[in-house]
Every structure is written in C-alpha cells, then in structure tokens.
Protein chains: 2
Amino acid sequence: MRISNTVYSVLLNPSNTEIYSFLTERIYRELVVIFATCKVNYKGRAESVASESPRLIILKPDGTVIIHESVKREPLNWQPPGTKIEIMNDYPLKIVAQRKRPKEVIEIDLKEVFYITSAEVKDGDFVIKGREIDIVNTIIQNPSMIEEGFVPLTREYNTPYGKIDLVGLDKKGNFVIIEVKRSKAQLSAVSQLYRYYLHIRETKEDKVRGILVAPDLTTHARELLQKLGLEFIRYDIQKYSSY
Amino acid sequence: MRISNTVYSVLLNPSNTEIYSFLTERIYRELVVIFATCKVNYKGRAESVASESPRLIILKPDGTVIIHESVKREPLNWQPPGTKIEIMNDYPLKIVAQRKRPKEVIEIDLKEVFYITSAEVKDGDFVIKGREIDIVNTIIQNPSMIEEGFVPLTREYNTPYGKIDLVGLDKKGNFVIIEVKRSKAQLSAVSQLYRYYLHIRETKEDKVRGILVAPDLTTHARELLQKLGLEFIRYDIQKYSSY
DNA sequence: GAATCTATATCGTGC
DNA sequence: GCACGATGTAGATTC
C-alpha cells in the first residue's frame with residue numbers, strides 16, 4: 001500500500017507461514033509492529049518471565065526491540081539498537097533477540113498474532129533545547145550571573161574524579177568549580193560537586209570555591225552544601241530564556 | 001474483530017471523521033496505535049520541535065503517550081502515565097497531551113494517517129529478579145560474605161543524607177555501613193557511601209566502617225575509596241545465584 | 001571499549 | 001506531593 005511517499009503493509013490474522021515470510025523479509029529494513037499474545041523471557045544483567053498476554057511488539061530497522069503492555073512509559077522488555085534479531089520458524093513462532101555486551105537475550109513466543117504492520121520510515125528533523133549544556137552556555141555568555149568579576153576558563157574540565165561542568169576564576173583569582181543542574185538539585189549533586197572540590201583543593205595550590213548552580217535545591221542538599229563549605233547560586237530560567 | 005478474548009479494531013487510511021470518532025471512543029479504554037505522518041511540538045522542562053515525518057504513536061489507557069521513529073529504544077517524544085489526552089477536531093487533526101506537574105504539553109499534528117489500531121489489553125504476570133534488592137537479601141541470609149562475625153541490623157536505614165542499603169555491626173561492635181551495587185561501582189557509588197559514612201560518624205559515637213559491595217569497581221572509584229578510608233568487598237554473582 | 005554524566009529520564013518507596 | 005535511590009536504565013562524549 002502506498003500513500004504519498006510512505007509504503008506500508010498490513011497483515012490481519014496472518015497464518016504462521018505468512019508471519020514468517022513477512023517478518024524475515026522486513027526486519028532490519030522496515031519499522032515492524034506486531035500485536036499478539038506472547039510469552040517473553042529475558043536473561044542477561046537480570047532475568048524476567050512474562051506470562052502469555054496480548055502485547056505490542058516493535059522491531060526497528062536498527063535492531064531495537066520494544067515490548068509494551070497497556071501501562072507505563074517504559075517497555076516491559078526491550079533490546080537496544082544493534083541487537084541481532086532472528087525469526088525462528090517453530091511452533092509456536094519465536095522471535096529471538098540477542099546482543100553481546102552485555103550478553104543478553106529476549107525470547108518472544110508468539111501465540112496468537114492479531115496483526116502485523118510494516119513501513120519504510122525516514123526520520124524527520126528534530127531540535128531540542130533547554131538542556132544542561134544550554135545553561136552552561138548561558139553562564140559563559142553571562143559570567144556576571146555567577147558574580148561580578150567571574151571569568152570562565154574551561155568547560156567539561158576533566159579530572160580523575162569526573163568532568164567539571166565549568167571552571168573559572170573569581171576576581172580574587174580563586175579557582176571556581178561550577179556544577180550546573182537544570183532542575184532542583186539533590187544530595188547527589190552536592191556530593192558530585194564535593195568530589196571535584198576535594199580533588200582540585202588537593203592538586204591546585206590556589207584557593208578553591210565550589211558553586212552549585214540550579215533553579216533550586218532540596219532542604220537536605222542545602223544543609224549538606226553548607227556543612228561542606230560549598231556555595232549555591234540560583235539560576236532563574238525565566239531571566240535567561242532568551243537564548 | 002474478536003479472536004479468543006482479545007477484541008481489536010483496525011482502520012486503514014481513515015478519513016478525518018473516522019479518526020476523530022475512533023479515537024474519542026477509545027482513548028483511556030484501549031491501547032491505541034497510530035501510524036501517521038505528523039509534526040510534534042513539546043514544551044515543558046525542555047522544548048522540542050519535530051518536522052513532519054512518518055511516526056508511530058502509542059496512546060495507552062493509563063494516559064501514556066509514546067512517539068517513535070525508526071531508531072533507538074527511546075521515544076522521540078512522550079508523556080508518562082496520568083497525562084490528559086485530547087483529540088482536537090481541527091484541520092489538521094491534532095492530539096494534545098498535557099500534564100500539570102511538571103507542566104508539560106505535547107501537540108501532535110496528524111497529517112496523513114495510514115492506519116489506526118486499538119485493542120483491549122489486560123496485562124499479564126511479570127516476574128523479574130537479579131536487582132539490587134536481591135543482593136541485599138543474599139547478604140542478610142549470608143552475612144559471612146561480608147566477613148566473619150558481621151551482624152546485619154537494618155536495611156534501608158534512613159538518614160537525612162539518603163537511605164543506607166544495609167547497616168550492621170562487625171565482631172568488634174563497630175557500626176558497618178554497606179552500599180550495594182549490582183554492576184561495576186563507579187565514582188558516584190563511592191560518593192554516596194562517603195556521604196552516609198560522614199553522617200554516621202558525626203551522629204554516632206561508635207567507630208564506623210563504610211563498605212562498598214559490588215561485582216567490581218572502576219580504577220578511579222577504587223582510588224577515591226581508598227583515599228576516603230572506605231572498604232570494598234567483591235560480590236561474586238555466580239557464587240550466590242542459587243536463591 | 002571503559003568511564004563518566006545527562007536525561008523532558010521513569011519508577012518505586014517512604015515520609 | 002517531595003525527596004531519594006535504583007534502573008536490564010539509554011545515550012552521548014571523552015579518553
């Protein structure tokens with residue numbers, strides 16, 4: 001079937017023979033959607049067993065396998081891109097999807113297949129903004145939002161204890177370490193900053209300051225921050241949303 | 001259409017009128033799958049714009065919205081469960097999915113709808129094992145895997161600075177803090193343990209030990225661990241996989 | 001390939 | 001509802 005430039009096919013209540021030839025012809029080439037009752041077994045980093053039930057199965061041309069039930073954003077089982085997908089012409093028909101690192105395998109036993117569809121899909125353009133990196137950019141363009149006299153030096157500054165979002169100097173020449181969070185900062189953000197802070201304090205002669213930049217932080221995060229001698233600067237997303 | 005106990009419906013190349021009545025009747029009741037060219041705009045914690053392109057749209061009865069392209073395990077855009085989904089009978093037909101906290105909205109402009117399917121789905125049983133909690137259970141049942149004389153006291157021990165996986169006493173009566181990781185431990189695991197360690201050392205008179213239990217840890221994690229005076233115990237997943 | 005961090009993370013739990 | 005940690009996290013980036 002063809003509409004505009006998109007070719008797609010639909011099989012309703014297909015026989016096993018139809019399913020097998022349909023799938024073997026189309027996997028890795030088209031976006032395949034199967035609605036069927038199935039059992040699913042997963043074994044790898046963890047293990048899972050799913051009893052027979054109707055589910056939605058998606059096979060992407062890049063090797064991704066996604067199995068959904070009727071609830072949640074997260075799939076019941078999955079395999080990421082690069083997975084080796086095989087259709088086993090057994091009774092019942094079986095889809096085996098495995099990858100090497102980590103070694104993981106999903107087996108899908110297809111019981112009743114209600115429909116299968118397949119389509120050639122070319123991806124469109126996608127632009128996203130408002131991520132952490134955008135905030136770091138805003139700081140570099142508006143260093144005074146940290147404080148008067150702040151001079152950004154390096155972003156993604158590498159240390160053995162992790163990458164520091166931004167390092168710079170204050171007007172007194174102190175080393176300044178900045179960790180940015182795009183949403184309310186939690187304990188882990190403070191720990192992360194403290195890890196960098198300790199490392200820089202040990203390896204640099206200069207005085208060091210650690211600053212957490214976020215729209216807000218939790219009560220416990222604030223307590224810990226103060227106890228550790230670190231600083232907080234509120235990032236008002238409204239104020240700098242013009243970029 | 002009915003096969004066994006599963007009722008499902010398929011519309012091929014539906015008209016706008018058909019799409020509208022089909023969707024309004026079925027959202028929040030059935031698992032709906034749409035394959036269509038569409039534009040997608042998202043605005044909330046971040047923002048995104050996706051140009052017109054064929055995509056797979058899933059509307060779950062719990063309010064979940066998932067939009068997939070032909071690559072990746074992760075959807076292009078989404079809304080989690082609890083989202084308010086509306087079908088707007090405009091030209092073009094539009095799906096608006098919004099939630100309050102955080103305030104986020106997705107607008108999907110449907111251009112050409114190739115097919116829509118819908119099905120009543122009751123979820124099956126699902127059992128998973130091999131998660132962190134299973135390792136903690138194993139330790140509690142085999143305390144000697146920590147060391148001779150170790151006595152587990154409390155799991156999920158609450159502190160202002162986070163929940164400690166397991167606390168106990170060693171044979172000398174020292175307080176022992178245990179952080180468990182199911183895969184190779186990284187810097188953040190060491191920071192996490194250290195946060196708990198500092199807190200307990202400050203609030204308890206007793207001597208305190210912090211132990212990281214994991215199958216392995218990265219080089220830098222090991223360095224930091226040693227520097228902070230914390231300990232590591234290897235958890236051999238093979239050895240205790242019998243539970 | 002290993003290590004680290006971000007994510008519109010999502011999800012579960014405890015308060 | 002908030003805070004916090006786990007996730008079979010996935011995905012991007014750097015080394």
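So you know, we letter chains A, B, ... as the sequences are listed, proteins then strands, and number each from 1. These numbers come from a predicted model, not from an experiment.
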### Message
Please compare A/Leu217 and B/Glu179 by the position of their nearest nucleotide in DNA chain D and report the one closer to 5'.
### Response
A/Leu217
### Query
Nearest nucleotide by nearest heavy atom, which residue falls closer to the 5' end of DNA chain D, B/Arg101 or B/Ile133?
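Nearest nucleotide further toward 5': that of B/Arg101.
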Pick base, sugar-phosphate or nothing for [X], based on heavy-atom distances below 4.0 Å to the nucleic acid.
| X | result |
| --- | --- |
| A/Lys181 | sugar-phosphate |
| A/Lys43 | nothing |
| A/Glu132 | sugar-phosphate |
| A/Tyr157 | nothing |

### Of B/Lys184 and A/Val180, the one whose closest DNA chain C nucleotide lies more 5'
B/Lys184
### Modelled atom types, side-chain donor and acceptor of A/Ser53 and B/Asp123, under 3.5 Å
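No, no side-chain donor-acceptor pair sits under 3.5 Å.
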### Query
Just checking, any donor-acceptor pair under 3.5 angstrom between side chains of B/Arg195 and A/Ser191?
yes
### Query
Looking at side-chain heavy atoms only, is the closest gap between A/Glu223 and A/Thr219 below 4.5 Å?
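Side-chain contact under 4.5 Å: yes.
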### Message
Would you measure the distance from the P atom in C/dT8 across to the matching atom in C/dT4 and give it in whole Å?
### Response
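Those two atoms are separated by 23 Å.
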### Rounded P spacing from D/dG8 to D/dC4 in Å
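Pairwise P distance, D/dG8 against D/dC4, rounds to 22 Å.
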Basic-acidic side-chain contact under 4.0 Å: [X], [Y]:
| X | Y | value |
| --- | --- | --- |
| A/Lys122 | A/Glu120 | no |
| A/Glu104 | A/Arg99 | yes |
| B/Glu30 | B/Lys60 | no |
| B/Arg182 | B/Glu132 | no |
| A/Lys39 | A/Asp109 | no |

### Bounds of contact between DNA chain D and chain A, in 5' to 3' order, using a heavy-atom cut-off under 4.0 Å
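Under 4.0 Å from chain A, the extent on DNA chain D is D/dA3 to D/dC15.
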### Task
Please report, rounded to the nearest Å, how far the P atom of C/dT6 is from the CG atom of A/Leu212.
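Distance, rounded to whole Å: 11 Å.
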### Message
Rounded to whole Å, please give me the gap between CD in A/Gln186 and P in C/dT6.
### Response
13 Å
### Query
Who passes side chain to side chain contact (heavy atoms under 4.5 Å, CB included) against A/Ile140, sequence neighbours left out?
A/Val136, A/Pro152, A/Arg155, A/Leu166
### Where protein sits on nucleotides 8-15 of chain C, one letter per nucleotide: B base, S sugar-phosphate only, - none, heavy atoms under 4.0 Å
BSSSS-SS
